[in-house]
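Some notes on the structure that comes next.
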There are 2 protein chains.
Amino acid sequence: MDLYSNKDKFYVAVDCIIFGFDNEKLKLLVFNRKIDPFIGSLSLIGSFVKIGESVSDASIRILKEFTGLENVYMKELKTYSSVDRDPGYRCISVAQYALIYVNDTINKLVEEKGAKWYEIDNVPELILDHNEMTIDALKRIEQIARYKPIGFELLPKKFTLPKLQKLYEAIYRRKLDPRNFRKKILSFDIIIKLEEKDRTGSKKGAFLYKFDHTKYKKLQKSGFDFEI
Amino acid sequence: MDLYSNKDKFYVAVDCIIFGFDNEKLKLLVFNRKIDPFIGSLSLIGSFVKIGESVSDASIRILKEFTGLENVYMKELKTYSSVDRDPGYRCISVAQYALIYVNDTINKLVEEKGAKWYEIDNVPELILDHNEMTIDALKRIEQIARYKPIGFELLPKKFTLPKLQKLYEAIYRRKLDPRNFRKKILSFDIIIKLEEKDRTGSKKGAFLYKFDHTKYKKLQKSGFDFEI
DNA sequence: TCAAAAGTGTTAGTTCTACACCCATGG
DNA sequence: CCATGGGTGTAGAACTAACACTTTTGA
């Protein structure tokens with residue numbers, strides 16, 4: 001007699017809530033489904049976990065399959081498991097969220113695969129509980145951004161302070177004072193000023209900075225408080 | 001041709017990391033397994049999700065089956081899904097954590113079922129990845145306590161400020177200044193002082209308070225910051 | 001009457017907020 | 001030479017942290 005033999009089994013899916021920061025706006029990556037079920041409808045990027053992979057492996061694989069994106073910082077949001085969440089099948093989904101800094105390369109990849117960015121205040125109706133997932137993920141990102149320098153890790157390797165500020169403004173959905181923002185950020189002592197300037201944003205140009213992972217890890221261990 | 005027919009299915013388990021606050025200490029509820037696999041070993045309270053219930057329904061049912069406890073505030077921690085996490089079977093587990101205020105009734109229930117409390121700094125070796133889950137849950141509780149009045153919600157309906165302080169001290173693992181703690185807590189304006197005193201803690205007795213759920217909900221909506 | 005816990009006020013230091021102006025540059 | 005965004009200093013308000021004493025009462 002095997003303990004497991006009479007236990008139920010489930011399809012396990014992963015759905016990825018991918019936020020992109022593009023043109024000073026926060027956007028959601030939405031996929032136009034080319035397969036059944038729900039062919040033609042809009043949905044998050046998602047698929048089934050395979051028996052030989054972990055949920056997070058699956059989310060990496062699925063994101064790559066659907067968008068070509070790799071090395072994306074993705075975190076588990078939570079599981080969605082209502083009995084009737086998918087009317088077709090009993091399936092639980094482990095939602096994952098990510099925030100990426102959109103550039104031309106990424107946009108090209110995404111377009112090729114038929115995915116599309118929607119501004120966060122203008123997300124269309126998605127299948128199943130995907131709108132709910134999106135709302136939950138937004139809340140989570142706002143929350144996380146309060147105690148982790150989520151912004152830094154997600155910007156390109158080199159970034160300017162005005163860009164970083166725009167990112168936080170997009171996440172918090174409010175304007176921040178540039179003097180205070182700058183002071184605050186620099187006080188954490190986890191970014192390093194470079195010699196170079198980025199002149200795409202203005203004539204004067206803004207100095208580029210890079211994230212200091214070593215210092216950040218040290219700070220993290222001593223349990224510091226990150227609050228913009 | 002059915003999209004789902006060639007997809008893999010998984011056993012889905014729930015493991016409950018139940019922290020108890022008892023005698024001014026934070027403790028973990030551990031179960032002495034009476035069934036295979038791992039009979040005789042120590043583990044968290046956990047079992048399999050059934051096809052007709054959601055993960056959170058399962059966690060409520062499982063907690064009750066194993067401990068008799070009901071109406072416990074339980075939250076999802078995260079999923080554990082490494083391919084080799086359970087050497088016997090491919091099974092993913094959705095860990096849930098809770099923090100409860102232990103009293104005699106609870107202790108009796110728990111003892112009857114053969115479960116046992118261990119002080120948090122003295123947790124024995126548990127099966128599988130249960131020690132990892134415990135560590136992750138502890139971190140989560142510390143984190144959550146920073147921005148939610150987790151303490152209030154988990155104390156009995158009526159509680160004293162010294163007791164609340166002890167709870168926060170247990171969670172943060174450090175002493176707090178009673179003057180400052182009191183000021184801070186009262187400044188949130190989400191607890192109501194009662195006429196009664198609790199004299200179990202001292203001769204003088206400490207005034208009882210109750211949590212003001214209505215005010216708290218309002219505050220929450222306006223996105224307030226809770227920080228002890 | 002005294003031990004033990006409950007309860008209170010103040011001050012110095014820190015951090016936050018709000019605000020206005022100069023800088024560097026390409027067009 | 002000027003429009004545009006980048007960059008800085010400061011003062012008042014709010015908050016935090018650190019501290020010592022009084023109150024109540026049962027044993």
Side-chain angles (χ1 to χ4, degrees), chain A residues 21 23-25 145-147 149 151 155-156 158-170 172 174-210 219 222-228, chain B residues 23-25 145-147 149 151 155-156 158-170 172-210 219 222-228:
Chain A
F21 181 61
N23 197 18
E24 309 190 355
K25 296 234 167 82
R146 277 174 211 285
Y147 67 90
L155 284 173
K158 300 171 182 181
F159 54 88
T160 67
L161 288 185
K163 286 269 165 58
L164 183 62
Q165 182 177 339
K166 287 275 167 25
L167 174 54
Y168 274 93
E169 287 179 342
Y172 292 155
R174 66 184 171 96
K175 286 272 168 221
L176 300 169
D177 180 304
R179 290 169 282 248
N180 297 338
F181 180 79
R182 188 171 279 267
K183 261 180 282 181
K184 190 75 184 172
I185 293 294
L186 293 174
S187 78
F188 297 135
D189 193 30
I190 48 172
I191 57 173
I192 299 165
K193 190 176 185 173
L194 305 173
E195 294 298 311
E196 296 171 78
K197 277 191 164 189
D198 168 15
R199 294 189 192 278
T200 60
S202 74
K203 291 152 188 172
K204 182 176 176 181
F207 278 104
L208 287 160
Y209 287 79
K210 64 177 183 182
L219 265 181
S222 62
F224 86 122
D225 233 352
F226 181 91
E227 177 88 54
I228 299 296
Chain B
N23 197 17
E24 310 188 355
K25 297 234 166 80
R146 277 175 211 285
Y147 67 90
L155 284 173
K158 300 171 182 184
F159 54 87
T160 67
L161 288 185
K163 286 269 167 57
L164 183 62
Q165 183 178 338
K166 288 272 163 31
L167 173 55
Y168 273 94
E169 287 178 344
Y172 292 155
R173 287 125 170 282
R174 66 186 170 95
K175 286 272 169 221
L176 300 170
D177 180 304
R179 292 170 282 248
N180 297 337
F181 180 78
R182 191 172 278 267
K183 261 180 285 181
K184 190 75 182 172
I185 293 293
L186 292 175
S187 78
F188 297 136
D189 194 30
I190 48 171
I191 57 173
I192 299 165
K193 190 178 185 172
L194 304 174
E195 294 298 310
E196 297 170 79
K197 277 190 164 188
D198 169 15
R199 294 191 191 277
T200 60
S202 74
K203 292 153 187 171
K204 183 177 177 182
F207 277 105
L208 286 160
Y209 288 78
K210 66 176 183 182
L219 266 180
S222 61
F224 86 122
D225 232 351
F226 182 90
E227 178 89 52
I228 298 295

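The shown structure was predicted, so the numbers you read here are calculated from the model rather than taken from an experiment. Naming convention: chains lettered A, B, ... in sequence-line order (proteins, then strands); numbering from 1 in each chain.
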Atom [atom1] of [X] and atom [atom2] of [N]: how far apart are they, to the nearest Å?
X	N	atom1	atom2	result
A/E24	D/dG5	CD	P	9 Å
A/D198	C/dG26	CG	C1'	15 Å
A/K175	C/dC19	NZ	C1'	17 Å
A/F181	D/dG5	CZ	C1'	16 Å
B/L176	D/dA17	CG	P	10 Å
B/Q165	C/dT8	CD	C1'	14 Å
B/N180	C/dA12	CG	P	16 Å
B/L208	C/dG7	CG	C1'	15 Å

Partner residues of [X] under the salt bridge (charged side-chain N to carboxylate O under 4.0 Å, His left out) criterion, sequence neighbours left out:
X	answer
A/E195	none
B/R173	B/D121
A/K193	none
B/K197	none

*Please figure out whether B/K183 or B/P162 has its closest DNA chain C nucleotide nearer the 5' end.*
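Upstream on the strand: B/P162.
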*If the sugar-phosphate is the primed atoms plus P, OP1 and OP2 and the base is the rest, what is the B/S/- string for nucleotides 21-27 of chain D, using protein heavy atoms under 4.0 Å?*
--BBBB-
*What nucleotide, of D/dA18, C/dA18, C/dA5, holds the atom closest to the side chain of A/D177?*
C/dA18
*Report the residues that fulfil side-chain contact (heavy atoms from CB on, under 4.5 Å) with B/E196, sequence neighbours left out, ordered by chain and then residue number.*
B/K158, B/L194, B/L208
_Can you work out whether A/K193 or A/G201 has the more 5'-proximal nearest nucleotide on DNA chain D?_
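With A/K193 and A/G201 compared, the 5'-side residue is A/G201.
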*Between A/Y209 and A/R182, which heavy-atom pair has the shortest distance, and what is it?*
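Heavy atoms only, the tightest pair is OH-NH1, 4.4 Å.
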*Would you name the heavy atoms of A/F21 and A/A170 that are closest together and state the gap between them?*
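That would be CE1-CB, 3.6 Å.
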*Kindly calculate the angle separating the two end axes of the helix from C/dT1-D/dA27 to C/dG27-D/dC1, each obtained from five base pairs, and round it to 10 degrees.*
0°
*Who pairs with A/T200 by side-chain hydrogen bond (donor to acceptor under 3.5 Å, both in side chains), at least two apart in sequence or on another chain?*
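Checked A/T200 against side-chain hydrogen bond (donor to acceptor under 3.5 Å, both in side chains); matches are A/D198.
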*Would you indicate, yes or no, if C/dC16 has its OP1 or OP2 atom less than 4.0 angstrom from a side-chain nitrogen or oxygen of A/K184?*
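Yes.
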_For A/F159, all residues meeting ring pair (Phe, Tyr, Trp, His ring centres under 6.0 Å), sequence neighbours excluded_ = none
